[in-house]
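Take a look at the structure set out below.
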There are 2 protein chains.
Amino acid sequence: MRETAAAEPRPYHHGDLSRALIDAARRLLESEGPSALSLRAVAREAGVSPAAPYHHFKDKGELLEAVATEGWDMLNDSLSAARKSAHSVKDKLTALGVAYVVFARQNPSLYRIMYDGSRNKEELPSHVHMEDDSAYCQVRDTLVEAGADPADEIALELATTAAWCAAHGLAEMASFKQFDTLKTALGSEEAFLRGVFEHMKIFADDHGK
Amino acid sequence: MRETAAAEPRPYHHGDLSRALIDAARRLLESEGPSALSLRAVAREAGVSPAAPYHHFKDKGELLEAVATEGWDMLNDSLSAARKSAHSVKDKLTALGVAYVVFARQNPSLYRIMYDGSRNKEELPSHVHMEDDSAYCQVRDTLVEAGADPADEIALELATTAAWCAAHGLAEMASFKQFDTLKTALGSEEAFLRGVFEHMKIFADDHGK
DNA sequence: AGTATATCTGGACGGCGTAAAGATCATCTT
DNA sequence: AAGATGATCTTTACGCCGTCCAGATATACT
């Protein structure tokens, strides 16, 4: 819609350092894992001095928050796609759950970062829990589509929470080697995920329909 | 069964430093949280030099593992007690789930440490998953008591995994402020936990009985 | 008693997050 | 066009971290 650089945060010496820092962090996260993600390492990867990031982020936490935000956006997109691709209404919920866990398994370091900031503040970022096509709202809306009564707000929030907890729990557990035999017995990791979800009412029920 | 000190690791200059270090770590964990748990701080708290711990633990990780092991033992005890205190068979599973989450909520820093080491190794400690009165086995046995078919090993392991994931997911989520309104609406945090569990088949079903 | 050995201290190294001061460069005002 | 302004980046420095090494110290074995 717009020609060139005109409304961006104004490239100065570097160009767009905050963008470059987030990208560098993501790169390090994939190649070295979360424990290697120091502010200094990110600055090094981006080719600037260790203090440069402080002109764009208040501290290390704020940089990680920016990385996390992009992670949540990616997750929201994954869930949207899963919701659309599911054929029957009954499959939609499981498809959402599987998509959630698959995302976490494919981006384990990013997934960790996404929750780390929240754990310290004991609060999820608002765009996860509140905004309209946030992950939380997508799960809730899908529950309603599946037959949950939207008038009973408490039950609906409880059910959404239950689904979220189940998916998050499985996402963290699925990486443990203890489940390898079960995965091979069932043929694939996704079969394992579906198997676990099948044992959870929240993903199998008809929700009053 | 034995009189005094005879089979212990032998107290030397300090007395029993590894014990003292683990206690110091637990103390710091409760008073300052996981982020303050540096090796140096633990040594300081125990009144020894920063290098002293290295004669008892290979590195910081091994000390944290020792702390985690005690945490798992405490959790196992909590679950045993919950299992015994539940009156009906039907209540036992929910009682287990609630006890799990309550433990995590009452010892949040310790709970974090318990999983941190495993996340790096992608493997749970064996005494959690294998030994007879481990948390995992207690959940599995309770499922059998509740009517699950012990002959269908795959289904039983899937169900146990589902219950574990649900409880772990809820344990991590329950600290977020987002659920405060729901908790007050339901009257107490435990009511909130039970409400969430009620939406999970694994905790409500009759398991084929 | 005397030697070996386990335990602890002190000091050092590099890496970390972060703050302060100075250099550099795009933009704004005139 | 010129100089002032202020954002961006670098350099330097501080205290904390995990860890290693050399030396001191106290216990245990012969």
Side-chain angles (χ1 to χ4, degrees), chain A residues 3-25 28-29 31-68 109 112-113 116-117 119-121, chain B residues 4-25 28-29 31-68 109 112-113 116-117 120-121:
Chain A
E3 322 294 77
T4 53
E8 280 143 35
R10 250 60 174 290
Y12 276 86
H13 301 168
H14 177 98
D16 187 354
L17 186 51
S18 44
R19 175 77 262 143
L21 287 169
I22 296 175
D23 291 342
L28 276 177
L29 215 43
S31 61
E32 313 281 344
S35 65
L37 200 64
S38 66
L39 228 201
R40 293 178 104 106
V42 172
R44 221 177 291 136
E45 170 80 20
V48 294
S49 80
Y54 285 88
H55 293 269
H56 301 269
F57 303 97
K58 176 175 128 286
D59 56 14
K60 182 186 178 183
E62 202 167 286
L63 169 55
L64 296 200
E65 258 180 47
V67 174
S109 307
R112 193 107 135 247
I113 299 292
D116 272 355
R119 271 190 263 262
N120 297 332
K121 292 191 312 182
Chain B
T4 53
E8 279 143 34
R10 251 60 173 290
Y12 276 87
H13 301 170
H14 177 98
D16 188 353
L17 185 52
S18 43
R19 174 77 263 143
L21 287 169
I22 295 174
D23 291 343
L28 276 177
L29 213 43
S31 61
E32 312 282 344
S35 65
L37 201 65
S38 67
L39 229 201
R40 292 177 105 107
V42 173
R44 220 177 292 135
E45 170 80 21
V48 294
S49 80
Y54 284 88
H55 294 269
H56 301 269
F57 302 98
K58 178 173 128 282
D59 57 13
K60 182 186 180 183
E62 203 168 283
L63 169 56
L64 295 199
E65 258 180 47
V67 174
S109 308
R112 193 106 136 247
I113 299 291
D116 272 356
N120 296 332
K121 292 191 315 184

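Labels below follow one simple rule: chain letters A, B, ... track the order of the sequence lines, proteins then strands, and each chain is numbered from 1. Just so we're clear, the structure is a prediction, and the values are computed from it rather than from any experiment.
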Side chain of [X], heavy atoms from C-beta onward: which of [options] has the nearest atom to it?
| X | options | answer |
| --- | --- | --- |
| A:V48 | C:dT9, D:dT10, C:dG17 | D:dT10 |
| B:R44 | D:dC16, C:dC8, C:dG15 | D:dC16 |
| A:Y54 | C:dG17, D:dT10, C:dC8 | C:dG17 |
| A:L39 | C:dC8, C:dG17, D:dC20 | C:dG17 |

Nearest-nucleotide comparison on DNA chain C, the residue closer to the 5′ end among A:R40 and B:G47: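 Of the two residues, B:G47 wins.
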- request: Might you work through the side-chain contact (heavy atoms from CB on, under 4.5 Å) test for A:L64 and A:D116, ending with a clear yes or no?
  value: CA-CA 9 Å; A:L64 296 200; A:D116 272 355; over 6 Å; no
Between [N] atom [atom2] and [X] atom [atom1], what is the distance in whole Å?
| X | N | atom1 | atom2 | result |
| --- | --- | --- | --- | --- |
| B:F57 | D:dG18 | CZ | P | 14 Å |
| A:L17 | C:dA26 | CG | P | 16 Å |
| B:D59 | D:dC17 | CG | P | 17 Å |
| B:L63 | D:dC17 | CG | C1' | 15 Å |
| B:D16 | C:dA6 | CG | P | 17 Å |
| A:L64 | C:dC16 | CG | P | 14 Å |

task: Using the closest heavy atom to pick a nucleotide of DNA chain D for each, name whichever of A:H56 or B:G61 lands nearer the 5' end.
output: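 Residue closer to the 5' terminus by nearest nucleotide: A:H56.
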Which residue lies more 5' along DNA chain D, comparing B:P50 with B:H55 via nearest heavy atoms: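 Between the two, 5'-proximity favours B:P50.
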- request: Heavy atoms only: give me the nearest B:A36-B:A41 pair and the separation to one decimal.
  value: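 Scanning both residues completely, I find the closest heavy atoms to be O-CB, 3.8 Å.
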- request: Please tell me if the side chains of B:R112 and A:R119 come closer than 4.5 Å, counting only heavy atoms from C-beta onward.
  value: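 Yes. Closest side-chain heavy atoms under 4.5 Å.
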query: When we call it a touch if two heavy atoms are under 4.0 Å apart, what does A:S38 touch: a base, just sugar-phosphate, or nothing?
result: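 The residue A:S38 makes sugar-phosphate contact but no base contact.
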- request: State which residue, out of B:D23, B:L17, B:L21, fulfils the side chain to side chain contact (heavy atoms under 4.5 Å, CB included) condition with B:R19.
  value: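 The passing option is B:D23.
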Evaluation steps, side-chain contact (heavy atoms from CB on, under 4.5 Å), between B:I113 and B:L37: CA-CA 10 Å; B:I113 299 291; B:L37 201 65; 4.1 Å; yes
